[in-house]
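Since the model is a prediction, treat every value here as computed from it, not as a measurement. Protein chains get the first letters and strands the later ones, always in sequence-line order, with residue 1 at the start of each.
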Amino acid sequence: MDKAYNPASEAQIYDIWLTSGAFTPKVPENPQESRLKKEPFTIILPPPNANNPLHAGHALFTVEDILVRFHRMLGDPTLWLPGTDHAGIETQFVFEKYLQKQGKSRFDYDRQTLFKMIFDYVNENRDVAKNQMKRLGFSLDWTREKFTMDPDHITRVYAVFHRMVSQGLVYRDEKIVNYCTFCGTAFSNLEVEHKSVASHLWYFKYPIVGEKDKYITVATTRPETMLGDTAVAVNSKDPRYKNLSGKKLLLPLVNKEIPIIFEDSIDPKFGTGAVKVTPSHSPEDYDMAKKFNLEFVRIFDYDGKSNKNVPEKYRGFYPNQVRQMVIDDLTSAGLMEKIVDYSHEVGHCYKCGRPIEPITAPQWFVKIKPLADKAVDVVKNDEILIFPKRFKKSYLTWMKDVRDWPISRQIVWGHQIPAWYNLDETPNINITFINSQNETITGLWSDLIKNNSYQEIKSGLQSLIAPVGSKFYLSETDAQKKSQNVLQETDTFDTWFSSGQWPYSTLGWDPNGHHSPDFEYFYPTTVLDTMWDILFFWVARMIMFGLYTTGQIPFKVAHMHSRVTDSKGQKMSKSKGNVIDPLTMSDQYGADALRMALVIGVAPGSDISLSEDKIRAQRNFVNKIWNASRFVEMLIDRLNPQKISLEIDKSKLSDVDNDILDKLNKITISTTKHLDHYHFGQASEDLYQFFWKEFCDIYIESAKDRGEETIPVLLTVLITSLKLLHPFIPFVTETVYQDLISKYNLPKELLISSSWPL
RNA sequence: GAGUCUAUAGCUCAGUUGGUUAGAGCGCUUCGUUGACAUCGAAGAGGUCAGAGGUCCGAGUCCUCUUAGACUCACCA
């Protein structure tokens with residue numbers, strides 16, 4: 001054996017495990033019956049972005065590997081299923097930046113071409129993450145590897161979509177959505193970041209029609225939207241406005257009469273108690289407009305600029321430009337009463353950081369209440385356990401009043417929504433395409449078809465917007481019954497609509513009930529482990545989808561791990577320059593050292609502060625194991641016994657022997673208990689102390705002065721320690737174990753497949 | 001606006017259901033080690049467990065409040 005442990009050999013060990021078949025569980029003949037007798041242990045890996053290399057957070061999948069290796073050694077049929085995610089918006093934006101460097105943009109390509117370009121781009125990078133996971137020692141079953149862009153996954157997602165449409169759980173509607181005009185797509189509430197913005201409250205006057213020099217003063221944070229006002233709302237109990245019933249106001253600058261409505265949700269104490277109502281650009285106003293049947297006037301378009309619904313001089317400007325113009329014009333008209341400082345929360349795009357424009361747009365929605373109710377029950381009654389416990393509470397409060405989920409995104413990278421429109425049936429569909437002269441053309445189908453062929457439009461298609469109420473079909477052939485002129489919806493599903501179906505889809509759930517043996521055997525899965533930041537995005541959606549589609553929970557335990565921070569407890573980010581790359585670290589110190597550093601002494605649910613110092617310390621520990629083993633072998637060589645035995649003769653034991661065996665027994669019990677309770681930090685810390693202090697510093701030291709009666713104890717403690725440590729630091733333990741086996745003619749087996757010492 | 005979490009040695013953090021002199025790693029001081037490991041060993045310095053009050057025979061641990069920080073959710077003009 002070399003003087004020091006060399007992590008370069010780790011790759012060979014991984015290959016040995018891989019070819020041994022240890023990662024691939026066998027599915028018995030009768031999966032359902034077998035499952036009743038002995039339940040498998042299953043984890044579906046949260047699929048990393050197929051396009052990106054791993055970061056320190058991914059290295060934390062170590063906790064899954066620990067669980068999987070532990071249960072495999074306990075003798076449970078164990079499956080850890082790998083996969084990668086196409087990560088819709090994330091990846092498309094990365095690709096757009098790449099295009100930008102080449103002086104191009106997404107608008108230069110038709111939809112099909114752009115999709116293919118991104119697909120190729122992702123395929124080039126897909127193996128990177130996969131190889132990195134192998135490098136970290138993750139005992140994933142690669143024979144079952146999946147990708148969210150696999151045709152069979154898409155088929156299943158489409159089937160579930162069909163079912164939801166037919167049951168009225170998916171609908172189209174034009175309501176207020178969070179729209180980022182820069183990114184060009186709608187977002188769900190979860191994708192909006194609220195930031196406090198120091199702004200103003202503008203007070204200005206709306207003249208009352210037919211009453212000279214009488215006004216109502218409104219207070220607003222968004223003066224620019226007044227161009228789209230269609231009412232002013234006041235509280236019916238507000239004495240100031242009581243006598244105004246039936247009166248109209250003259251909307252300044254636009255010179256249009258708008259009604260006064262009486263809505264009791266208006267707080268008389270805020271501002272002037274009178275609120276301007278802009279149904280197309282404010283969620284609250286939208287609700288009021290629906291209630292009072294008000295007119296909708298959308299003044300900002302998808303490109304972020306003001307449109308033809310405003311007086312000519314204000315057209316074609318961004319909101320902040322319109323704001324200044326409106327303020328100036330109201331002031332010079334003598335209608336501006338006052339401006340006061342005011343700070344409030346404004347939604348910003350989580351991708352590009354720009355302000356979100358609430359805008360009415362036709363989108364696809366999931367009716368969430370029926371799904372959420374069941375998903376609440378299974379967590380409330382602990383059918384699904386959420387660890388650490390505090391996340392149960394945040395899950396339940398979020399679920400309680402979750403709103404309908406907009407699932408359509410105006411991007412091409414993802415699963416194109418499987419809905420087709422017959423254009424002759426719905427001629428008012430708005431289409432954007434690139435024609436044969438490479439010009440981008442936008443217009444209604446009924447107009448475009450006069451000068452362009454269907455084929456040209458179809459092949460150059462970029463996007464379409466079908467008005468709410470447009471008839472759609474769930475297959476292309478159905479749509480073609482009336483005529484051949486059909487187009488598929490150009491929106492794609494929110495990534496989470498796809499990944500929310502990951503657990504049952506990867507295992508081979510079948511929409512027609514012909515499920516695969518894998519599904520019958522491994523579903524519901526046992527543990528889902530992920531970082532808490534996607535509890536709502538992903539975990540909640542998986543629970544809803546799982547219950548809806550399979551009628552069963554997707555997993556029994558949702559284990560939330562924490563963020564990896566730097567040595568000062570700060571979030572890692574490229575701009576701060578404090579990023580620790582897991583692959584650089586494992587090349588330098590070994591994957592074992594990195595893995596140990598990520599779990600040792602970490603309390604469940606608390607942030608994990610990682611530093612090179614910490615990894616180095618664990619490298620020393622790994623080397624300690626190596627050298628202790630080497631020294632045990634040297635001791636045995638020196639004693640040169642006739643026969644190597646692991647049999648312990650209790651009558652010959654001294655106090656030191658009894659002491660170490662007693663402690664070994666205790667550490668075995670406590671490690672098992674801690675792993676059962678997901679206390680990885682405590683388990684690894686205790687093992688560290690036991691091995692280094694109790695075994696090396698005390699027992700091995702004492703063995704230096706003794707005879708061959710120590711051999712069975714030395715080997716027993718060493719081998720048992722290797723087993724207990726194996727889930728945490730698989731490479732060095734397996735390497736040493738194989739060395740002991742060949743040296744002392746022990747029964748051949750791999751540590752990964754050996755039995756847990758209980 | 002609602003909620004969650006954190007505060008323990010110079011630094012980063014453990015401390016399971018409250019139970020004797022509060023622990024680890026790194027750092028620091030002194031010493032040792034020519035035949036496992038300088039990626040080592042031994043010894044040591046260093047903490048009124050954020051503050052105040054309370055429950056208890058007993059509180060780092062449970063309760064209340066205060067202070068300071070982090071985070072999550074949220075359609076209020």
**Fill in**
Out of B:C71, B:C40, B:A74, minimum distance to the side chain of A:Trp398 belongs to B:A74

**Complete:** A:Gln682 has its side chain closest, among B:A14, B:C5, B:A36, to B:A14

**Request:** Say whether A:Gln618 and A:Tyr589, considering side chains only, have a donor N or O and an acceptor N or O under 3.5 Å apart.
**Result:** no

**Asked** Between A:Asp739 and A:Arg630, is there a salt bridge with N-O shorter than 4.0 Å?
**Response** no

**Prompt:** Under the 6.0 Å and 45° cation-pi test, does A:Lys663 pair with A:Tyr699?
**Reply:** no

**Fill in**
In Watson-Crick or G-U wobble terms, with both distances under 3.5 Å, the base opposite B:A7 is B:U67

**Message:** Parallel, tilted or perpendicular: which one describes the rings of A:Phe680 and A:His559, with boundaries at 30° and 60°?
**Reply:** perpendicular

**Asked** So does A:Lys624 get a side-chain nitrogen or oxygen closer than 4.0 Å to the phosphate oxygens (OP1/OP2) of B:G41?
**Response** yes

**Message:** What does the B/S/- profile of nucleotides 25-33 of chain B look like, 5' to 3', with a 4.0 Å heavy-atom cutoff to protein?
**Reply:** SS-------

**Message:** Whether A:Glu357 and A:Arg222 form a salt bridge (side-chain N of Lys/Arg under 4.0 Å from carboxylate O of Asp/Glu) is what I want to check.
**Reply:** yes

**Request:** Answer with base, sugar-phosphate or nothing: what part of the nucleic acid does A:Lys276 contact at a heavy-atom distance below 4.0 Å?
**Result:** nothing

**Request:** Flag the pair A:Asp637 and A:Lys743 as a salt bridge only when some basic side-chain nitrogen lies within less than 4.0 angstrom of an acidic carboxylate oxygen.
**Result:** yes

**Request:** Scan A:Asp267 against the nucleic acid and name what it touches under 4.0 Å (heavy atoms): base, sugar-phosphate only, or nothing.
**Result:** base

**Item:** Selection from B:A14, B:U39, B:G3 that lies nearest to any side-chain heavy atom of A:Arg619
**Value:** B:U39

**Item:** A:Phe391 and A:Val539: CA distance, side-chain angles, deciding distance, side-chain contact (heavy atoms from CB on, under 4.5 Å) verdict
**Value:** CA-CA 11 Å; A:Phe391 289 112; A:Val539 180; over 6 Å; no

**Complete:** When both distances are under 3.5 Å in a Watson-Crick or G-U wobble arrangement, the nucleotide paired with B:G44 is B:C28

**Message:** Under 4.0 Å, counting only non-hydrogen atoms across every strand here, what does A:Ser282 touch: a base, just sugar-phosphate, or nothing?
**Reply:** nothing

**Asked** Nearest to the side chain of A:Lys393, which nucleotide is it out of B:G3, B:A14, B:C37?
**Response** B:G3

**Message:** Counting the atoms with a prime plus P, OP1 and OP2 as sugar-phosphate, which does A:Ala219 contact under 4.0 Å by heavy atoms, base, sugar-phosphate, or nothing?
**Reply:** sugar-phosphate

**Prompt:** Checking all strands, does A:Asp401 fall into the base, sugar-phosphate, or nothing category for heavy-atom contacts under 4.0 angstrom?
**Reply:** nothing

**Prompt:** If every non-hydrogen atom of A:Pro406 is compared with every non-hydrogen atom of A:Ser188, which pair is closest and at what distance?
**Reply:** CG-CA, 3.9 Å

**Prompt:** Between B:A14 and B:G23, how far is it from one C1' atom to the other, in whole Å?
**Reply:** 7 Å

**A:Lys3 (side chain) and B:C37 (base): donor-acceptor pair under 3.5 Å** = no

**Prompt:** Base, sugar-phosphate, or nothing: which does A:Lys704 touch, judged by heavy atoms less than 4.0 Å apart?
**Reply:** base

**Asked** If you check every side-chain atom of A:Phe536, which of B:A36, B:C73, B:U39 has the closest atom?
**Response** B:C73

**Asked** What nucleic acid atoms does A:His344 come within less than 4.0 Å of, heavy atoms only: base, sugar-phosphate, or nothing?
**Response** sugar-phosphate

**Asked** Taking for each residue the nucleotide of RNA chain B with the nearest heavy atom, is it A:Ala603 or A:Phe631 whose nucleotide lies nearer the 5' end?
**Response** A:Ala603

**Request:** In whole angstrom, give me the gap between the C1' atoms of B:A74 and B:C63.
**Result:** 30 Å

**Whole-angstrom distance between B:G47 and B:C13, as gauged at atom C1'** = 14 Å

**Asked** How many Å lie between CE on A:Met560 and P on B:U4, as a whole number?
**Response** 19 Å

**Request:** Ignoring backbone atoms, test whether A:Ser606 places a side-chain nitrogen or oxygen under 4.0 Å from the OP1 or OP2 oxygen of B:A14.
**Result:** yes

**Message:** If I take atom CZ from residue A:Arg541 and atom CG from residue A:Leu371, how far apart are they, to the nearest 0.5 angstrom?
**Reply:** 11.0 Å

**Message:** Which is more 5' along RNA chain B, the nucleotide nearest A:His679 or the one nearest A:Gly605? Just name the residue.
**Reply:** A:Gly605

**Asked** How far, in whole Å, is B:U16 from B:U55 if one measures between their P atoms?
**Response** 24 Å

**Prompt:** Nearest to the side chain of A:Glu345, which nucleotide is it out of B:U72, B:A74, B:C40?
**Reply:** B:A74

**Message:** Categorize A:Thr397 for me: base, sugar-phosphate, or nothing, with a 4.0 angstrom heavy-atom threshold over every strand shown.
**Reply:** nothing

**Span that lies between the P atom of B:G60 and that of B:U8, in whole angstrom** = 15 Å

**Message:** Suppose you measure atom C1' in B:U33 against the same atom in B:C71; what distance do you get, rounded to whole Å?
**Reply:** 50 Å

**Message:** Measuring from the side chain of A:Arg390 (C-beta onward, heavy atoms only), which nucleotide among B:C5, B:G41, B:U72 has the closest atom?
**Reply:** B:C5

**Request:** From the options B:U39, B:A36, B:A14, select the nucleotide whose nearest atom is closest to the side chain of A:Asn623.
**Result:** B:U39

**Between B:U48 and B:A59 - C1' atom distance, rounded Å** = 15 Å

**Message:** From the set B:A36, B:C5, B:U12, return the single nucleotide nearest to any side-chain atom of A:Ile700.
**Reply:** B:A36

**Request:** Using a strict cut-off of less than 4.0 Å between a Lys/Arg side-chain nitrogen and an Asp/Glu carboxylate oxygen, indicate whether A:Arg616 and A:Asp613 qualify as a salt bridge.
**Result:** yes

**Message:** Students often get this wrong, so: under 4.0 angstrom with heavy atoms, is A:Ile600 touching a base, only sugar-phosphate, or nothing?
**Reply:** nothing

**Message:** Taking only the C1' atom of each, what is the distance from B:U61 to B:A50 in whole angstrom?
**Reply:** 16 Å

